[in-house]
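These values consider heavy atoms only, across backbone and side chains, with no hydrogens, waters or symmetry-generated copies.
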Amino acid sequence: MLNFSGRARRAEYWWFALFQCLVGIGLQVALALYVVNDPALAALAANPDLAGIAAARGSWMVVVGLIAGYLVLVCLPQLAVTVRRLHDTDRSGWFIFMPLLAYVAALLAAVFIMLASGGQGTLAAVVAVTVIPVAGSLWFLVVLCLPGTHGMNRFGPDPAPDRKRRRPPAVHGAFAPRPSPEEHARLVVERRAEITDYYRKHVLQNAGNV
């Protein structure tokens, strides 16, 4: 469950993401019902003071335990499957920090803009804080949606060996890579054999019939 090595295909990642989403919704509903129906927490909400906090300590422990269980049983496995999904696209698992780095870069850019403009670059700072994280998150989402590399890569065997190989883009003959001398000689021999066979089957045969 906490395996950070190997590869994960798209189906494995997105089914687990759906499971995490459903569990998260269920946990939020359960916490809301527990908080509403717990007398100690209801009294604390009506009259927040130190005595109420002390009286509701047991209830808070239940809430903290549920959140901790969610983090251990769901969020950590989600990190592991995300790293394996990156491995499937032949990318390092460190790319998982790309959205976080985008947010940090956006904050640094906003601070730099504000300092360089003497506090007058508010609009540019807001644009930087908004656009850079969104661009980083969209890039990361696209990477998670990409098909994995076909066959073995540096992170392990293909988790879906029966997946269809992606067709290479069509290349014009003028831009095609030149074959090696051995390959060129083999192609010449095969082409001559095809021409000779065609000549014997069609030209000579038709000449004999005439």
message: Counting only heavy atoms not in R191 (residues, nucleotides, ligands), do more than 12 fall under 6.0 Å from its CZ?
response: no
field: Shared hydrophobic cluster for I96 and V134 (ILVMFWY, side-chain gaps under 4.5 Å)
entry: no
task: Report the C-alpha separation of R186 and E183 in whole Å, then their side-chain angles, then the decisive distance to 0.1 Å, and conclude whether the salt bridge (Lys or Arg N to Asp or Glu O under 4.0 Å) test is met.
output: CA-CA 5 Å; R186 184 183 64 81; E183 181 70 13; 2.3 Å; yes
task: Just do the side-chain contact (heavy atoms from CB on, under 4.5 Å) check on S5 and R84 with the steps written out, would you?
output: CA-CA 6 Å; S5 61; R84 297 200 308 273; over 6 Å; no
Connected via hydrophobic side-chain network under 4.5 Å: V83 and F140: yes
statement: When rounded to the nearest 0.5 Å, the distance separating CG of L27 from CD of Q20 is 11.0 Å
Single-linkage hydrophobic cluster, 4.5 Å side-chain cutoff, V143 and L79 together: yes
- request: Measure the CD1-OG distance between I132 and S137 for me, rounded to the nearest 0.5 Å.
  value: 11.5 Å
task: Carefully, step by step, assess D158 and M152 under the rule side-chain contact (heavy atoms from CB on, under 4.5 Å).
output: CA-CA 5 Å; D158 193 343; M152 177 78 70; over 6 Å; no
field: For the student: nearest non-hydrogen atoms of W14 and L141, plus distance
entry: CH2-CD1, 3.7 Å
message: Rounded to the nearest 0.5 Å, what separates atom CZ in R91 from atom CG in L144?
response: 9.5 Å
message: Would a single hydrophobic cluster contain both F19 and Y13, if residues Ile, Leu, Val, Met, Phe, Trp and Tyr are joined by side-chain heavy-atom contacts under 4.5 Å?
response: yes
- prompt: With no hydrogens and no angle check, do the side chains of R7 and T149 hold a donor and an acceptor under 3.5 Å apart?
  reply: yes
message: Just so I know, are the side chains of E12 and P159 near enough to count as touching, which here means a heavy-atom distance under 4.5 Å?
response: no
- prompt: If every non-hydrogen atom of A109 is compared with every non-hydrogen atom of A128, which pair is closest and at what distance?
  reply: CB-CB, 4.3 Å
query: Any link between F112 and V131 through a network of hydrophobic side chains (Ile, Leu, Val, Met, Phe, Trp, Tyr) touching at under 4.5 Å?
result: no
Aromatic centroids of F95 and W139 separated by under 6.0 Å: yes
- prompt: CD/Q28 to CD1/I67 distance, rounded to the nearest 0.5 angstrom?
  reply: 10.0 Å
message: As a quick check of understanding, evaluate side-chain contact (heavy atoms from CB on, under 4.5 Å) for T89 and R85, giving each step before the final call.
response: CA-CA 7 Å; T89 63; R85 179 82 268 273; 3.9 Å; yes
- prompt: Considering residues at least two apart in sequence or located in another chain, which fulfil the ring-ring contact (aromatic ring centres under 6.0 Å, His included) criterion with F155?
  reply: H87
Heavy-atom side-chain contact between T82 and F4 under 4.5 Å: no
- prompt: Yes or no on salt bridge (Lys or Arg N to Asp or Glu O under 4.0 Å) for R154 and D90, after CA distance, side-chain angles and deciding distance?
  reply: CA-CA 7 Å; R154 54 182 171 147; D90 203 20; 3.1 Å; yes
- prompt: When rounded to the nearest 0.5 angstrom, what distance separates CG in D88 from CG in L146?
  reply: 10.0 Å
message: Is there a side-chain contact (heavy atoms from CB on, under 4.5 Å) between L86 and W94? Walk through the geometry before answering.
response: CA-CA 9 Å; L86 291 170; W94 292 108; over 6 Å; no
